[in-house]
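Below is one structure; the comments refer to it alone.
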Amino acid sequence: MTAQKALTYDAFVELATADPAVVGLVLKGSRAHQGMTTEHSDHDLYVVLDDGRKTDLSRFAGHRTTELDLVIVSLDEFRGTAGMPDFDRYALARGVVVLDRLDGGIARILADKARLGADEAFQEADKWLDAYSNSLYRSVKNARDGHALASRLDAADSIRFLFELLFAFDRRPRPFNKYLEWELARFPLPGWDTAELLDAADSISATGDVSTQRRLFAKVEAVARRSGHSAVLDAWGEDLHLMRPQ
C-alpha cells in the first residue's frame, strides 16, 4: 500500500512502457484538456492490456491517489462497452494517447468513441428531446401556477437534457459540465452560436426565465423537426403551445 501511494505518474508510465503486455496508455481528465489543469489535478490513466496476457501490473488495479488514478482493462473491454462506464465515453473521446503499440489502433478506438453511430444518435436524441420537453413544460407550468422554486429546478434540469440532446444531434457524447465551455470553444455545435447558447443556459439555470426558455425551445423544435424527430414533439399535442413563444 505504501508503494502504491508513492507511485508517480512518470514512474508508472515507465513501468508500463517496459511491459509487453501493455498495448496502450490513454490519459484522460483535466490533463487531457489543454488549459484545464490546476494544482489539484491528478493523472487519470487507462492502461490497456493485450487480451489474455498476464502482467504484474494487475496489482495496480483500482490504484487511486492524489497523484495517479489507474483504470486497467483488457483490449476487448477497451474496444467495446462491456466493463466501460458510459460516463467515460466523453473522457476517452478527448483522451490523449500516451502509448499505442497497435500501429494507431488505440487512437482509432478513441476516434470511434468520439462518434455516435447514426442509429444510436437518433435514438438518444429521441430520448433526450422528450426529457428536455418534459422538464421545460413542467418549468413553464410551475411558473404559471406560482411555484417559483419548482419552476427554477425544472428549468435547471432541462438544461442538462438540452445539452445531451444537442450533442446527440451532432453524434457526439456530451461533455461533463466542467468541460462544456472548453468543448464548445474548440468544437462548436453546428448551427448554434456558442456564446448565445451558453448565455441562455446560464440564464435559464439561474432564473428559470420563461421567455428565455420559450425562445430557446423554438430553436430546438426547428432543429428537431429537420432532424426527423417530429413524432416526439407531436406526441405533446396542445401542450406544445405552452412551451412555444407567446
Side-chain angles (χ1 to χ4, degrees), residues 1-121 123-124 164 167-168 171-180 182-183 186-187:
M1 182 64 69
T2 301
Q4 284 195 10
K5 287 183 178 178
L7 186 64
T8 67
Y9 169 75
D10 289 336
F12 182 81
V13 169
E14 184 177 351
L15 280 174
T17 302
D19 191 328
V22 178
V23 295
L25 296 173
V26 176
L27 185 67
K28 66 184 182 75
S30 58
R31 292 189 180 274
H33 290 73
Q34 186 178 17
M36 294 296 292
T37 304
T38 73
E39 60 181 312
H40 305 293
S41 299
D42 63 357
H43 293 80
D44 293 294
L45 192 67
Y46 260 83
V47 184
V48 186
L49 303 178
D50 198 5
D51 294 325
R53 294 285 294 272
K54 295 189 179 299
T55 172
D56 288 341
L57 295 183
S58 297
R59 72 185 187 276
F60 293 112
H63 176 93
R64 186 171 187 177
T65 67
T66 56
E67 159 73 10
L68 182 63
D69 188 357
L70 298 176
V71 178
I72 300 178
V73 295
S74 69
L75 179 58
D76 185 57
E77 289 173 325
F78 190 67
R79 278 198 186 101
T81 57
M84 299 285 289
D86 289 342
F87 63 79
D88 255 2
R89 183 163 185 174
Y90 170 77
L92 288 170
R94 295 292 177 223
V96 173
V97 177
V98 177
L99 176 69
D100 188 342
R101 286 201 171 105
L102 301 180
D103 296 325
I106 296 295
R108 287 190 292 273
I109 292 171
L110 294 185
D112 287 342
K113 292 182 183 301
R115 190 75 173 158
L116 277 62
D119 289 344
E120 176 189 14
Q123 292 172 11
E124 288 291 296
E164 294 280 6
F167 278 92
R171 295 177 57 184
R172 290 155 61 185
R174 183 214 194 279
F176 302 135
N177 291 331
K178 178 179 179 178
Y179 302 121
L180 180 61
W182 184 98
E183 178 76 12
R186 290 158 179 79
F187 310 98

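What's counted below: heavy atoms across the whole structure, side chains too, no hydrogens, waters or symmetry copies.
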Testing the basics here: between [X] and [Y], what is the closest heavy-atom pair and its distance to 0.1 Å?
X: Leu75; Y: Val23; answer: CD1-CG2, 4.4 Å
X: Ala121; Y: Ala168; answer: CB-O, 3.6 Å
X: Ala32; Y: Leu27; answer: CB-O, 3.5 Å
X: Ser30; Y: Tyr179; answer: N-OH, 2.8 Å
X: Pro173; Y: Ala114; answer: CD-O, 3.4 Å
X: Arg171; Y: Ala118; answer: NH2-N, 3.6 Å

Nearest-0.5 Å distance, [atom1] of residue [X] to [atom2] of residue [Y]:
X: Leu57; Y: Leu49; atom1: CG; atom2: CG; result: 7.0 Å
X: Leu180; Y: Tyr90; atom1: CG; atom2: OH; result: 8.5 Å
X: Glu164; Y: Arg174; atom1: CD; atom2: CZ; result: 5.5 Å
X: Asp19; Y: Thr55; atom1: CG; atom2: OG1; result: 3.5 Å
X: Leu92; Y: Asp88; atom1: CG; atom2: CG; result: 5.0 Å
X: Glu77; Y: Tyr46; atom1: CD; atom2: OH; result: 9.5 Å

If we only count heavy atoms from C-beta on, is the [X] to [Y] side-chain gap below 4.5 Å?
X: Phe78; Y: Ile106; result: yes
X: Thr17; Y: Arg101; result: yes
X: Pro20; Y: Arg53; result: yes

Of Asp44, Asp42, Asp69, the residue whose pairing with Arg64 passes salt bridge (charged side-chain N to carboxylate O under 4.0 Å, His left out):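 Answer to the salt bridge (charged side-chain N to carboxylate O under 4.0 Å, His left out) test with Arg64 among Asp44, Asp42, Asp69: Asp69.
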Member of Arg186, Lys28, Lys113, Glu183 meeting the side-chain contact (heavy atoms from CB on, under 4.5 Å) criterion with Arg94: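 The option that passes is Glu183.
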Among Leu110, Val47, Leu45, Val98, side-chain contact (heavy atoms from CB on, under 4.5 Å) partner for Val26: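 Exactly one pass, corresponding to Leu110.
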Parallel, tilted or perpendicular, as decided by the 30° and 60° cut-offs, for the rings of His63 and Phe60: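 Phe60 and His63: perpendicular rings.
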Plane angle bin for Tyr9 and His43 - parallel if under 30°, tilted between 30 and 60°, otherwise perpendicular: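 Because their plane-to-plane angle is under 30°, the rings of His43 and Tyr9 count as parallel.
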Side-chain ion pair, Arg89 and Glu124, N-O less than 4.0 Å: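 No.
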Validation row, ring centre Phe187 to ring centre His33 under 6.0 Å: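 Aromatic pair excluded; centres sit 6.0 Å or further apart.
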Neighbour count >12 (heavy atoms, 6.0 Å) for atom CD, Glu120: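 Above 12, so yes.
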